[in-house]
*Asks:* 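This is the structure, below, for whatever I ask next.
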Amino acid sequence: MPEVIRVEDLRRTYRMGTVEVHALRGLDFAISEGQMVAIMGPSGSGKSTLLNLLGCLDRPSAGQYFLGGEEVGRKSDDALADVRNRRIGFVFQNYNLLPQLTALENVELPLVYRGLSGSQRRKRAEDALAAVGLADRWHHRPMEMSGGQQQRVGVARALAGQPDVILADEPTGNLDSTSGEDVMRLFLDLHKTGRTIVVVTHDEDVALHTERIIHLRDGAVVSDEEVPPERRRIPGEVQAQ
Ligand SMILES: Nc1ncnc2c1ncn2[C@@H]1O[C@H](COP(=O)(O)OP(=O)(O)OP(=O)(O)O)[C@@H](O)[C@H]1O
Ligand SMILES: [Mg+2]
């Protein structure tokens, strides 16, 4: 499979007054199309910093980031926003839904920047909500849905843009274990249809739903390993001991 993501000596240093925080100290890895990868590591190890760079929400201090073969790390703000909007679907721990909008309107909103007609946007949003099992919740506002349902709206919003990559930072972090499993099941379904998915998580159970785990520590990759098939978690199935 071709590579979707490649980082070379990727670095991010935050400057706070006279103090420098070396959040990422030179990462090298590639992710192929259709892979489902977890990024793990202790608090402060650089996971969110990395995901923000991969999601074009931030720029590296040094090194290179290729997304779909294109170097994006040095682009202007507008060009970077355009890449982000076309190629990236982001799923947030706290869902980031607008409370006054319905599920359908929340999913439609980012499509406004895609140059689609109103009816095309509507169709895409309806299809995405159906894909996450929420076809009966179009007109519900976030407050009228459970956390798990809100997160599924978050996934639908990411999906509706038909991105090259879906990035999720602790997507199950605010959910109980059953709703968390539902969200991971959804990611697995998307993965089976060929989506590339990168999930940041503290939770090894969550990470074991993926096929590869990259461990960070102090801003560096300390291991990057395939999950052996006998350790992979399939939601809803009791694991053999
Ligand atoms: N905007 C910022 N300004 C300065 N330092 C920052 C900033 N964001 C993160 N850092 C620092 O960079 C390092 C990596 O932070 P990051 O948020 O990437 O960690 P993390 O692995 O996501 O942690 P957690 O598991 O707690 O979410 C930490 O030392 C953090 O304090
Ligand atoms: Mg974080």
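Both ligands and their constituent atoms are indexed starting at 1 by order of listing.
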*Asks:* The Mg ion (ligand 2) to Ser48: any N/O/S contact under 2.8 Å?
*Replies:* yes
*Asks:* How close do Gly41 and His202 get, counting heavy atoms only, and between which atoms?
*Replies:* O-CD2, 4.2 Å
*Asks:* How many angstroms lie between OG1 in Thr102 and CE in Met145, if you round to the nearest 0.5 Å?
*Replies:* 8.0 Å
*Asks:* I'd like to know if the side chain of Gln35 pairs up with that of Arg212 as donor and acceptor (distance under 3.5 Å, no hydrogens or angles considered).
*Replies:* yes
*Asks:* With distance as the sole criterion, is a donor-acceptor pair present between the side chains of Thr178 and Glu181 under 3.5 Å?
*Replies:* no
*Asks:* Heavy atoms only: give me the nearest Gly219-Leu27 pair and the separation to one decimal.
*Replies:* O-CD2, 3.4 Å
*Asks:* Can you check atom 31 (O) of ligand 1: any protein non-hydrogen atom closer than 4.0 Å?
*Replies:* no
*Asks:* Inspect the surroundings of CZ in Arg74 and state if more than 12 heavy atoms from other residues, nucleotides or ligands are less than 6.0 Å away.
*Replies:* yes
*Asks:* How far is atom 13 (C) of ligand 1 from its nearest protein heavy atom, and which residue and atom name does that atom have?
*Replies:* Gly44 O, 3.7 Å
*Asks:* Note the single closest protein heavy atom to atom 15 (O) of ligand 1, along with its residue, its atom name and the distance in Å.
*Replies:* Thr49 OG1, 3.8 Å
*Asks:* Pro42 heavy atoms, cut-off 4.0 Å: which ligand 1 atoms fall inside?
*Replies:* 21 (O)
*Asks:* Do the side-chain N and O atoms of Tyr14 and Ser61 include a donor-acceptor pair separated by under 3.5 angstrom?
*Replies:* no
*Asks:* Assess the side chains of Asp176 and Ser179: does a donor N or O sit below 3.5 Å from an acceptor N or O?
*Replies:* yes
*Asks:* Considering all protein heavy atoms, does one lie under 4.0 Å from atom 2 (C) of ligand 1?
*Replies:* yes
*Asks:* Look at atom 25 (O) of ligand 1 and say which protein heavy atom is nearest, naming residue and atom and giving the distance to 0.1 Å.
*Replies:* Lys47 NZ, 2.7 Å
*Asks:* Any side-chain donor paired with an acceptor under 3.5 Å for Gln93 and Asn174?
*Replies:* yes
*Asks:* Identify, for atom 29 (O) of ligand 1, the protein heavy atom at the shortest distance, and state residue, atom and that distance.
*Replies:* Val21 CG1, 3.8 Å
*Asks:* Please state which protein non-hydrogen atom is closest to atom 17 (O) of ligand 1 and give its distance, to 0.1 Å?
*Replies:* Ser48 CB, 3.8 Å
*Asks:* So which protein heavy atom does atom 6 (C) of ligand 1 come closest to, and at what separation?
*Replies:* Tyr14 CD1, 3.2 Å
*Asks:* Measuring from the heavy atoms of His202, does anything fall under 4.0 Å of ligand 1?
*Replies:* yes
*Asks:* Is there a polar contact between ligand 1 and Gly46, counting only N or O atoms under 3.5 Å apart?
*Replies:* yes
*Asks:* Can you tell me the protein heavy atom closest to atom 26 (O) of ligand 1 and the distance?
*Replies:* Ser43 OG, 2.5 Å
